[in-house]
Amino acid sequence: MPEVSGGGCRPSRMRRFLRPGHDPVRERLKRDLFQFNKTVEHGFPHQPSALGYSPSLRILAIGTRSGAIKLYGAPGVEFMGLHRENNTVTQIHLLPGQCQLVTLLDDNSLHLWSLKIKGGASELQEDESFTLRGPPGAAPSATQITVVLPHSSCELLYLGTESGNVFVVQLPAFRVLEDRTISSDAVLQRLPEEARHRRVFEMVEALQEHPRDPNQILIGYSRGLVVIWDLQGSRVLYHFLSSQQLENICWQRDGLLLVSCHSDGSYCQWLVSSDAQQPEPLRSLVPYGPFPCKAITKILWLTSRQGLPFIIFQGGMPRASYGDRHCISVVHDSQQTAFDFTSRVIDFTVLTEADPTAAFDDPYVLVVLAEEELVVIDLQTAGWPPVQLPYLASLHCSAITCSHHVSNIPLKLWERIIAAGSRQNSHFSTMEWPIDGGTSLTPAPPQRDLLLTGHEDGTVRFWDASGVCLRLLYKLSTVHVFLTDTDPNENLNTQGEDEWPPLRKVGSFDPYSDDPRLGIQKIFLCKYSGYLAVAGTAGQVLVLELNDEAAEQTVEQVEADLLQDQEGYRWKGHERLTARSGPVHFEPGFQPFVLVQCQPPAVVTSLALHSEWRLVAFGTSHGFGLFDHQQQRQVFVKCTLHPSDQLALEGPLSRVKSLKKSLRQSFRRMRRSRVSSRKRLPAGTPGEVQEGSAKAERPGLQNMELAPVQRKIEARSAEDSFTGFVRTLYFADTYLRDSSRHCPSLWAGTNGGTIYAFSLRVPPAERRMDEPVRAEQAKEIQLMHRAPVVGILVLDGHSVPLPEPLEVAHDLSKSPDMQGSHQLLVVSEEQFKVFTLPKVSAKLKLKLTALEGSRVRRVSVAHFGSRRAEDGEHHLAVLTNLGDIQVVSLPHLKPQVRYSCIRREDVSGIASCVFTKYGQGFYLISPSEFERFSLSTKWLVEPRCLVDSAETKNRCPGNRAGPKKAPSRARISGTQSDGEEKLPGLGMERALLSDERVLKEIQSTLEGDRGSCGNWCSPRAAVECSLSNGGAE
Amino acid sequence: MNRSFHKSQTLRFYDCSAVEVKSKFGAEFRRFSLDRHKPGKFEDFYKLVVHTHHISNSDVTIGYADVHGDLLPINNDDNFCKAVSSANPLLRVFIQKREEAERGSLGAGSLCRRRRALGALRDEGPRRRAHLDIGLPRDFRPVSSIIDVDLVPETHRRVRLHRHGCEKPLGFYIRDGASVRVTPHGLEKVPGIFISRMVPGGLAESTGLLAVNDEVLEVNGIEVAGKTLDQVTDMMIANSHNLIVTVKPANQRNNVVRGGRALGSSGPPSDSIAGLGGPPTPRILQNFHPDEAESDEDNDVVIEGMLEPARSPQTPGAPAGSLSRVNGAGLAQRLQRDLALDGSLQRLLSSLRADPRHSLALPPGGVEEHGPAVTL
């Protein structure tokens, strides 16, 4: 970076008079380098509340309790919109054949959104909003909307209300057509006498348009009356009376049969015929009787070419024994399965024949939105296997405990990880991703990035974080290394054939950890060697190696006593995990070969791996150690504990408390889900109830705010708690002892502002197994301000951060400059400070906290490239406790830019933040979602996509995705379109990164005769990819 | 740095329990020794001194030269113990006749000469006030001061707390609160930060310059308006080594009145309304030299693991007048304690350098003491 200095003036003097941000050249360069964008949200939307699907666009819409709507099509096609009012989205309706959708919020407002094309890409925007108002003096329930029916003309919306009236509004302006209102009185008058006196009208539960005749709509009232209304003649064509409360209704495709479902867990079929009115249903059935059952809240009756229909319904389980299950049952022919979800079902939809004129529904995919995940089930393949999701993955299947990002993965490692992962996915359907609307215009990602998440249940998930879709590649479980309470043979899925109801667990969301000690706390992956180190809650450090074959091996165990010979201390925290003795079978993938167990078994707080020296360093609140995993020998341990630090010694006493807390939380969760699973409350109560509870909460909050919060002002002292807590570990080849000779070194920084430096002697490669690695302490630095050390870094002679191990060996980095003098950068929570090496004398510093009152939470070196210049600059990306993101220049420590990113109250968001090496980052915005952001102008991953209703309409009928490869499905135009798509598909393969092809080859060889595995790129998307690439050729 | 002084030091007794004492009265010297760990009582020491000098009949005052060359008194058990324990390695004792000492002129004059004789002195002119007779004891250490009186509005007070050389905790708490400001629209309540509690015996309380309900306006020259309680807390802790807070005292009766001017005459108009608010104080901190603050804080301790032995933990010869030196020694002692559990105390002690700036191994060009900018 150019240092601006006046002629003849010493820079150090000049610096005092130069105000930052006054150099126009630098300012322009800053604009070239830095730019802050929140680009995409990965994962599953938090607290989903509504589901919508457009068969014509093949776009899925999800609404959330915070008022967000998210649209998903083909991988890479994503849109997000947020209602100004942060109210729950209760319903989403995509207008048939249009790029428009209508949402209903729980404040009874309707919103019209549309996908508009701007600058070649579609954008989601809100056009209109509307609240239905009754005449003055009417009860609010009169206009409380319960059902929305978009008419096939796309001009009218029919709104069923709690009062029983059906209002009609005209789109897009939401103009109320009062003369067309179907009032309950009007319906009553036109009913035959016997029906009229038997029932009082209640709220409208169902509204359906006749599948063939747009002039007929069906109105279902909650007390059990169903009428078919002639819109032109304003008369009742048919009416049906059931003895039970109505929940929902489905109209068969030909319009000749109605299926209604009821609150007692029954469903009824009614024939629609002009013959004499039938007082009784054709057939009435309680599928899980005879004992009392819960309500069936939604039912779909879908005809198929094979003859027998698919009956798919939600709920209806026997109240006493299975009333707590969240089930969706699919009945077809003699098959019946009750898909059992681990979280509450919000809604479901079935993908069927999109052409309204087709004779049959031919359902092929069941899409279920549960509270914590999306499950897609292939209804075409025998056994109804689930379909693997290319996006919307539930990141929190088990709670995320840490994350680690590795940029620019070498192709070889990438392929091996994918190969290992594809073997884990054999239970998924081979169907291609059926929701494939829209076109992604995003260019192929320039490099392969991995995001690794550690979870509470002891697993590490490897995500493809290269592009817009965060896709699970591989899942590593460390559980097999340890003896756990649960017997691995105990399989919940093994149920007898004659089990009733025929429950089948689906989905991956499983928030209950068998043993919290298994939780992963730190991950370190070397992308060149394939060595992986993971460390957990109970002081376990595992070193793993990637192996393409399954293996049966014994994990070497070594104990690292971090307290050494100190006496009089007793660890009162959790026990260590018991490792299995003897050989353990490991799947292909990352296989552990050594286990270092810290004693006391406190949570591992820092981890570093040097794959070239074959060393792994780990630290806890008691000290740190260095382990030689080549020779499987401990090199040294160092206790960092302060004698007065009782808290660290005794361990988390809160263990019992935390168990209690987790129990309490799970009860609370259960209670909450029970509350929210209650359907609509009668007559206007939901609003009131919520207001009431909000009122009840608000004074409490106010009281909390008014409570005298005070903060003690005291300098940190050595006697503070957890001063020995090791925050950071760093390997460097630098001038630690004298300026003539560099040597390997290990640096450790503690919570108390102490830095320890050890010089290492690593034997040369040829004698690596013969001679021991030696270490001796060379330096100890106590920062005067005693703030926790969060980062240590060595800059080479050109003030460039030292490269990662093996980076130079793989020709991916220039070798560091070992001529000039090295510098040590220490980042504490309060200051950035550069020291000279080998004599540690302070050279430069930036006092962040003293000036701004913010503290460093995360710091990472990032390479910032400009769109114009070839080579960029290395700077520090910093996240503070206020949620701000700053860039601090290297080596001059000048603040460059600052953006507010995360709310300062969002502690878990700030704690979860992880930076990439190229100026991007991720943080959790909810337990299940990562927000991706970018500080760089050059590296930006964001969705850019096109959805066009005209195009989709034209191509829809003959080109139905989904079951294309499913052999059981007979298709009329199948062969033709397959032929069309094959060629461009090949073209795409050539055009895309070659690893895609390799991946496919690997997969096909692995799959063997099972046929090719699911490829995320649907053929249609492939066409577009090749087209866009073709333009460049 | 006076290297010759360091070289003249004898280090051989460092680990022994005996302390060599060199006592001077007039032109006469006496040498004896004391037990470092059990020095005994001041009375006994006094008797011993007058006995060895054969001046039992006259009333004398006893002083000693501390590590920085300051002449400090020995007149009770506490400072006697301190003198013995901090002797490094030699305890230099100076005896004066009481009447001479109380005349003052000798005190200041001889002290200066004495210090020069001890060497390692830089000119500390501004601190010396030859004609101001404060009297004994002379080991005053500034713990607080009101600064920038001429810049800060009279309703405000800028207080500097020196934590160096003081083992006392800062000892105060802050809280959120509402402050009344005068605005064009009338009185308006805005959020503010207030001192909520004083720790009894703490530094803040002992200065008497800060009080409960004083509103905090600035921390080390940076306004706190718009910052959260936690931010202000972090700022204060980060500056705790040299904390300068500008407050609006809750009690406005003790404000400093500027020379020749009536109270409130110089303040902005709004200040006259019983000190309600007023515009923020000027940003300039006249007495706040960044260099000084930085040098105060820069004493990161570096311990070289494998250096040659025999370097004492307390390195004398530092210039007088700066208080951070004492802290350097204190820190070294604390460090000694901290490292005691290591088992290799001796090795560490021998390799300990209290402060890179004051040690012999000062990196060339690393620190400039008197330059306009310390390049740290």
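Below, chains carry the letters A, B, ... as their sequence lines are ordered, and counting in each starts from 1.
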Option in B:T233, B:I237, B:I174 with maximal non-hydrogen atom pairs under 4.5 Å from chain A: B:I174
Heavy-atom contacts under 4.5 Å, residues 191-199 of chain B to chain A: B:S196, B:R197
Ring geometry between A:F624 and A:Y756 (parallel below 30°, tilted from 30 to 60°, perpendicular above 60°): tilted
With B:L209, the side chain to side chain contact (heavy atoms under 4.5 Å, CB included) member among B:S144, B:S145, B:P249: B:S144
Between A:H822 and A:T734: side-chain donor-acceptor atoms closer than 3.5 Å: yes
Side chain, backbone, both or neither of A:I755 within contact of chain B (heavy atoms, under 4.5 Å): neither
Heavy-atom contact with chain B under 4.5 Å, split by part of A:A715: both
Trace of the salt bridge (Lys or Arg N to Asp or Glu O under 4.0 Å) decision for A:E776 with A:R761: CA-CA 9 Å; A:E776 54 189 13; A:R761 210 187 61 81; over 6 Å; no
Residue selection (most heavy-atom pairs with chain A, distance under 4.5 Å) from B:V219, B:V232, B:L229, B:L243: B:L229
Evaluation steps, side chain to side chain contact (heavy atoms under 4.5 Å, CB included), between A:I781 and A:T754: CA-CA 6 Å; A:I781 304 163; A:T754 313; over 6 Å; no
Portion of A:E829 that has a non-hydrogen atom of chain B nearer than 4.5 angstrom: neither
Short side-chain to backbone donor-acceptor contact, A:N881 and A:R855, under 3.5 Å: yes
Sidechain-backbone polar pair: A:D906 side chain, A:G909 backbone, donor-acceptor under 3.5 Å: yes
Electrostatic pair A:R716-A:E830, nearest N-O below 4.0 angstrom: yes
